[in-house]
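Values below: every heavy atom of this structure, side chains too, minus hydrogens, waters and symmetry copies.
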Amino acid sequence: MIDSLYNPKAVEGKIYQQWENSGFFNPDKLPGRRQKKFIVYMPLPNVTGSLHMGHSLDNTISDILIRYYRMKGYKALWFPGTDHAGIATQYVVEKELKKKGLGRFDLGREKFIEKVWKWKREYGNIILEQLKKLGCSADWSRTRFTMDPAYSKDVINAFIHYYKKGWLYQGFRTINWCPRCQTSLSDLEVEYKEEKGKLWYIKYPLVKNLTLRQRSGLMVSRVEPSKFNPSTDEQNYIVVATTRPETMLGDTAIAVNPRDSRYTSFIGKKVLLPIQNREIPIIVDKAIDPKFGTGAVKVTPAHDTADFEIAQRHKLPLAQVIDESGKMNDKAGKYAGLKVEEARMAIIQELKNLGLLVKEEPYEHRLATCYRCGHTIEPIPSKQWFLKMDELAKRAEVAVKTKKVEITPKRFKKSYFNWLKNIRDWTVSRQIWWGHRLPVFYCSKRQEGISNSQFLISKQIQNSSAGPFVVSAKKPKKCPFCGTCEMKQSQDVLDTWFSSALWPFAGLSQKDRKKYCPGNLVSNAREILNLWDARMIFSGLEFLKKVPFQVLLIHGTILTKEGKRMSKSLGTGINPLEYIEKYGADAIRFAVIWQSSGQDIHWDETAVIAGRKFGNKIWNASRFVLAQIRNRPPGLTAASTKVKVSRKAKNIKPFTPADKAVLRALKDVKTKTEKYILAFEFSQALRLVYNFFWHTFCDKYLEISKKQIQGEEKLKTNTQKILIYTLLESLKMLHSFMPFISEAVYQNLPKPFRKEKFLLVEKW
RNA sequence: GCGCGAUUAGCUCAGUGGUAGAGCGCUGCGUUCACAUCGCAGAGGUCGCAGGUUCAAUUCCUGCAUCGCGCACCA
């Protein structure tokens, strides 16, 4: 201890290496007899990820707890790992390919997946290395990846389990489709962005005096739209408002609210769908809001998930006019091949020409976009696998209601319950290539199209995953249907969250599963409360028959100083690694905790500076204390045996009012710090220790001690004892928050004071 | 639309039913003797607005305003 400036760079790497080598991150290798366990699950970083502020907060919180419990004599285990992050990772690799002018289809599935694995091997663990820089004491020997063989096996078994239970089923529905990623998305994977669009009011002519033949559904009409003159006859049309006129080609009904008196006389009648010249019925549905637009809605079951549900209720047919690439298909007639935006403008023009466009008004609405690539979502009908949610959601709800899982802060329970209450079945299949391929095998001889002939759907969809199938972990040797064919495995993979939902137990050895499962706590931001946490809870209940953890800690989101979302693409991101480089890991840990009170954080760089300064303060106060005990023999040198007693509180006696004050404050701070940590009020705990150490210990006691040490021998020795005792106790409290510097100082303590090899395993 | 949160010092934020706190910044003074990434002293706030409960409200309640977030099948 020579330098008066604390230099984190000089010690952090070395200390972390020592910790890792000690094996103490592994609870099985911790010293002493330990009965109680404390287990934390790391929020799985994506393999595409690079450490950002959110991770820093998640993991600092987890590390604080793990270190606290480890010092408390628990078998402390922090499970680390990475998520294969299906769409995100595939997207990254596709982007790389694109630079070479290639797409994934150019390579083909096998080769593409090879590329992704290569990418994963190269970059997938970077984030874990970054977490080490932050000082995270996770048990790296237990690192898992969601596509490890053992993990994958559990994922596939979970699929089979649900299937056998009858909770997994294939369904043909209008789902969220990303035309860029070429895959379905679950409701939670859709992000809405405000968009200034338009609301177009369109006239649909009423069909009158139809013949029986016409009623039977033939697409003929006596009223030619072009001849229709709306201004002369109000009774001849119904006006609907829409933001997406191009989807009108796929309309199969007009719906009004049953209580809407304006339309009572229209109910049961038919209108002639302009352009397509198809007759569609006017129906009633309670979902229609009479106050919106004209109160009459065009129903496009194939391209609107809400309309799909209306269609289900009324057994309306589906007419798909947009394909998987976001273009109008051949059912769109002359508009076939156009992109939706192009078709929209062209159709507006045609409606104008026909005199059927009443008006257009500016309208701000929320545009659905893909949460990974940002492309506009195109709802299209598709055959997908769904997991029934009713029972699982109910259990997840009960687990929190009965406090088997405690969500803190409490206010987040509301959004958790709200989601579970309104939940729809989970679309678990994805049409990407990177992920767990569905254990579903189709007979390649027998093809079964979509049986329901009322659907007007594209061939492409019909061919995907059609025909009889078996669900099995391994490919059946013999096809049970035709007996001869080579069965084909489904092309689909599972939703990434299906596998990460199994994180608390999937891929664990039998021994670990018995010993370290379920665990205690997960700490993450609210944005994955439903995406991940809720799904872990019901998955745990299903497969472990227990809640997978008891505490779900939701922390605030770190925003920019201006309150904007941190985002790499917007250039508003702040890289924690730069801070670690500049100020040290302890400083950034200090900063995130200092600022985190449960509210969102407007990131303030000065907090990191405060952290660095505090580190320097600790460093120099320690230098002072060490100098005192080194230079003042006898009785307190490293060689002395008498000094052992000064590790115990009961052997520390105050001689002076200053002694009394500092010892009392120390005792008080210890109690309160512990209380705050257990209540997950880390910021409070840190502030308390900070104030004690800096202002009570350094500013006051250290100064007074200088005088006391000048005094008579007995007072001198006692003061020295108090100094070292207070320092040691402070280091323990500080260790959770600022592990590196506290460890560095600890290792400089002479033997009797430094009892353990590492502060990491000192007794709190 | 419903729900949630915020509104406290120049900036970022803690906090509490009883004469307001931190970090950073600012002003003045102070360096042989742990630390200038320091110490001491100080300036700076009618704790968003309006009511109510209370002996007492920044804190509890109600309403309002502004900002932010989440949810929802308003086409």
May I ask you to say what [X] touches in the nucleic acid, namely base, sugar-phosphate or nothing, with a heavy-atom cut-off under 4.0 Å?
X: A:Trp200; value: nothing
X: A:Arg313; value: nothing
X: A:Tyr363; value: sugar-phosphate
X: A:Asp600; value: nothing
X: A:Ala610; value: sugar-phosphate
X: A:Lys561; value: sugar-phosphate
X: A:Arg411; value: sugar-phosphate
X: A:Trp594; value: sugar-phosphate
X: A:Leu702; value: base
X: A:Lys291; value: nothing
X: A:Tyr690; value: sugar-phosphate
X: A:Arg526; value: sugar-phosphate
X: A:Asn418; value: sugar-phosphate
X: A:Ser597; value: sugar-phosphate

Of all the choices, [options], which nucleotide is nearest to the side chain of [X] once you look at every atom?
X: A:Gln595; options: B:A14, B:A34, B:U12; result: B:U12
X: A:Leu5; options: B:A75, B:U37, B:C35; result: B:U37
X: A:Gln684; options: B:A75, B:A14, B:C35; result: B:A14
X: A:Arg366; options: B:A72, B:G25, B:C74; result: B:A72
X: A:Ala306; options: B:G39, B:C73, B:C4; result: B:C73
X: A:Lys414; options: B:A34, B:G3, B:A75; result: B:G3
X: A:Ile288; options: B:A75, B:A6, B:U37; result: B:A75
X: A:Arg612; options: B:C74, B:U37, B:C13; result: B:U37

Interatomic distance where [atom1] belongs to [X] and [atom2] belongs to [N] [whole Å]:
X: A:Asn524; N: B:G70; atom1: CG; atom2: C1'; value: 15 Å
X: A:Asp604; N: B:G25; atom1: CG; atom2: C1'; value: 11 Å
X: A:Leu529; N: B:C4; atom1: CG; atom2: C1'; value: 13 Å
X: A:Trp619; N: B:C35; atom1: CH2; atom2: C1'; value: 12 Å
X: A:Lys421; N: B:C71; atom1: NZ; atom2: C1'; value: 11 Å
X: A:Ile423; N: B:A72; atom1: CD1; atom2: C1'; value: 15 Å
X: A:Lys410; N: B:G70; atom1: NZ; atom2: C1'; value: 20 Å
X: A:Tyr192; N: B:C2; atom1: OH; atom2: P; value: 20 Å

Do [X] and [Y] meet the cation-pi criteria used here (NZ or CZ under 6.0 Å from the six-membered ring centre, within 45° of the axis)?
X: A:Arg589; Y: A:Trp594; value: no
X: A:Lys401; Y: A:Phe417; value: yes
X: A:Lys203; Y: A:Tyr237; value: yes

Of A:Glu681 and A:Lys700, the one whose closest RNA chain B nucleotide lies more 5':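 Mapping each residue to its closest nucleotide by heavy atoms, the 5'-most match is A:Glu681.
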Any strand: nucleotide that pairs with [N] via Watson-Crick or wobble, under 3.5 Å:
N: B:U66; result: B:A6
N: B:C71; result: B:G1
N: B:C47; result: none
N: B:U19; result: none
N: B:C26; result: B:G42
N: B:U58; result: none

Has A:Arg313 got more than 12 heavy atoms of other residues, nucleotides or ligands less than 6.0 Å from its CZ?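 Yes, CZ of A:Arg313 has more than 12 neighbouring heavy atoms, counting only those of other groups under 6.0 Å.
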Looking at A:Arg259, I want to see if its CZ is surrounded by more than 12 non-hydrogen atoms of other residues, nucleotides or ligands under 6.0 Å.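 It does not: A:Arg259 CZ has 12 such atoms or fewer within range.
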Would you say A:His365 and A:Glu195 are linked by a side-chain donor-acceptor pair, where the criterion is simply a distance under 3.5 Å?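 Per modelled atom types, A:Glu195 and A:His365 side chains form a pair under 3.5 Å.
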Describe, in one word, how the ring planes of A:Phe292 and A:Tyr363 are oriented to each other, choosing from parallel (under 30°), tilted (30 to 60°) and perpendicular (over 60°).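 Plane angle over 60°, so perpendicular.
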So A:Tyr690 and A:His695, would you call those rings parallel, tilted or perpendicular, with 30° and 60° as cut-offs?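 Answer is perpendicular, since the angle exceeds 60°.
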Which whole number of Å gives the distance between the P atom of B:C11 and that of B:G48?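 Per the computed distance, 14 Å lies between those P atoms.
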